[in-house]
Amino acid sequence: MRDVSFIVRGGEIVGLAGVDANGQAELIDALTGLRHASSGRVVLDGAEITHSSAREVLDSGMGHIPEDRHRRGLVLPFSLTENLALHAYRNRPESQFGFLQLGKMLDRAKRLLAEFDVRGGSPDTPAGALSGGNQQKVVLAREIDSEPKVLIAAQPTRGLDVGAIEFVHRRLVEQRDAGRAVFLVSLELEEILSLSDRILVIYEGRIVQEFPPTATEEELGFAMTGGRREAVA
């Protein structure tokens, strides 16, 4: 990453467009504490989190829908109840005096599975037994229920069917409308254009241009391959 500087404000979705492997994964890792930046600063709601651990970043108010839901979003052998508690298990009411409150965890899982329309299993079902779309709903439910100040959504609809894609999009817009900052990273230009209030383009580790949501796929595509034009006003 080089010369990367941008702000995501509450109440907006900022989309990051780019050809795959141009620094998107490294940027997300640096923002979420999975990789420490060698220079620069990451600030969330006025507090610097540049060198914080992934756990500390989450506790500071960052939500993260990872690109790979199997590798980073879920523990596939764990039950849905356990996966939905991965953030909250240390805090009340899920934990008290160092002991997990299994009844509270179950109640929370039932509520979230119903609210996010997760189908194909009960709270005791292993996450690996669900379809991809329902697995993604579980990740979405956990991250949104933590009420993050900033929600990073990396390839949130990859491999999903049309119904699941629409569900994810609706939830991301709801987060924006609730006043949260949403940073959307996607290889799908249609997704970026349909959801973003502002669009950043990344190329070879640099943010090369910013566009309004009225930009065309041709303008974004030109910038994504290293070309530079003035953004449309």
Side-chain angles (χ1 to χ4, degrees), residues 1-10 12-76 78 83 85-90 127 132 135-136 138-140 142-159 168 172 175 180-188 191-192 195-196 198-210 223-224 226:
M1 304 304 303
R2 298 168 293 166
D3 304 325
V4 173
S5 180
F6 64 95
I7 295 173
V8 184
R9 301 176 179 87
E12 71 171 353
I13 297 176
V14 174
L16 183 69
V19 177
D20 198 15
N22 268 270
Q24 296 96 321
E26 290 79 6
L27 176 58
I28 293 170
D29 283 357
L31 294 176
T32 56
L34 294 169
R35 184 186 309 221
H36 287 166
S38 58
S39 62
R41 299 172 69 226
V42 180
V43 178
L44 196 162
D45 196 23
E48 184 168 348
I49 58 171
T50 312
H51 301 296
S52 299
S53 67
R55 167 61 70 180
E56 291 168 339
V57 170
L58 290 175
D59 289 344
S60 71
M62 182 86 76
H64 180 204
I65 301 169
E67 177 180 350
D68 188 340
R69 58 182 167 268
H70 289 168
R71 181 166 169 254
R72 286 183 169 172
L74 298 166
V75 182
L76 296 179
F78 280 17
N83 273 284
L86 287 178
H87 289 345
Y89 73 91
R90 299 183 307 161
Q135 288 176 346
Q136 192 72 337
V138 172
V139 176
L140 207 68
R142 183 186 65 228
E143 299 305 310
I144 288 177
D145 193 61
S146 66
E147 298 185 346
K149 300 172 184 176
V150 179
L151 179 61
I152 296 178
Q155 313 293 350
T157 59
R158 173 178 283 176
V168 172
L172 293 179
Q175 292 304 293
R180 298 193 173 96
V182 179
F183 185 47
L184 170 65
V185 181
S186 177
L187 301 179
E188 301 295 332
E191 184 167 64
I192 290 287
L195 295 179
S196 303
R198 290 188 292 123
I199 300 169
L200 306 175
V201 174
I202 189 169
Y203 174 72
E204 292 188 347
R206 297 177 185 267
I207 302 295
V208 294
Q209 245 177 309
E210 178 177 326
M224 287 164 54

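Just the heavy atoms: all of them, side chains too, but no hydrogens, waters or symmetry mates, feed the values below. Numbers for residues simply follow the sequence, beginning at 1.
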According to side-chain hydrogen bond (donor to acceptor under 3.5 Å, both in side chains), does anything in residues 17-26 pair up with another residue at least two apart or in another chain? List the pairs.
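Qualifying pairs: none.
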
Can you give me the closest heavy-atom contact between [X] and [Y], atom names plus distance?
X	Y	answer
Tyr89	Arg55	CE2-NH2, 3.5 Å
Val57	Ser52	CG2-CB, 3.9 Å
Ala154	Ile28	CB-CD1, 3.5 Å
Ile202	Met1	CD1-CE, 3.8 Å
Val8	Ala181	CG1-CB, 3.7 Å
Ile13	Leu172	CD1-O, 4.0 Å

With heavy-atom distances below 4.5 Å as the criterion, would you say the side chains of [X] and [Y] are in contact?
X	Y	value
Ile65	Leu151	yes
Pro156	Glu191	yes
Leu27	Val4	yes
Leu34	His64	yes

Could you give the distance from [atom1] ([X]) to [atom2] ([Y]), rounded to the nearest 0.5 Å?
X	Y	atom1	atom2	answer
Glu56	Met62	CD	CE	12.5 Å
Ser53	Leu58	OG	CG	8.5 Å
Leu184	Leu195	CG	CG	6.0 Å
His36	Asp29	NE2	CG	11.0 Å
Arg41	Ser5	CZ	OG	10.5 Å
Asp45	Lys149	CG	NZ	4.0 Å

Side chains of Thr50 and Glu48: donor-acceptor distance under 3.5 Å anywhere?
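Judged by distance alone, the side chains do pair up.
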
Would you say Glu188 and Thr157 are linked by a side-chain donor-acceptor pair, where the criterion is simply a distance under 3.5 Å?
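The answer is no; no qualifying pair exists.
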
Whether [X] side chain and [Y] backbone form a donor-acceptor pair below 3.5 Å:
X	Y	value
Gln136	Arg69	no
Gln135	Gly132	no
Ser196	Ile199	no
Asn83	Val75	yes
Glu67	Gln155	no
Arg180	Pro148	yes
Arg198	Glu12	no
Arg142	Gly73	yes

If the condition is ring-ring contact (aromatic ring centres under 6.0 Å, His included), which residues does Phe6 pass it with, not counting sequence neighbours?
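Scan of Phe6 (ring-ring contact (aromatic ring centres under 6.0 Å, His included), adjacent residues dropped) gives Phe183.
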
Flag if over 12 foreign heavy atoms under 6.0 Å of CZ, Arg71:
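Count not over threshold, so no.
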
Chi angles and distances behind the side-chain contact (heavy atoms from CB on, under 4.5 Å) call for Val150, Arg9:
CA-CA 9 Å; Val150 179; Arg9 301 176 179 87; over 6 Å; no

Would you please test Leu140 and Val168 for side-chain contact (heavy atoms from CB on, under 4.5 Å) and show each step?
CA-CA 8 Å; Leu140 207 68; Val168 172; 4.3 Å; yes

Test side-chain contact (heavy atoms from CB on, under 4.5 Å) on Leu74 and Val139 and set out the steps.
CA-CA 7 Å; Leu74 298 166; Val139 176; 3.7 Å; yes

Are Ile152 and Leu31 close enough, and set up right, to give a side-chain contact (heavy atoms from CB on, under 4.5 Å), and what steps lead you there?
CA-CA 9 Å; Ile152 296 178; Leu31 294 176; 3.9 Å; yes

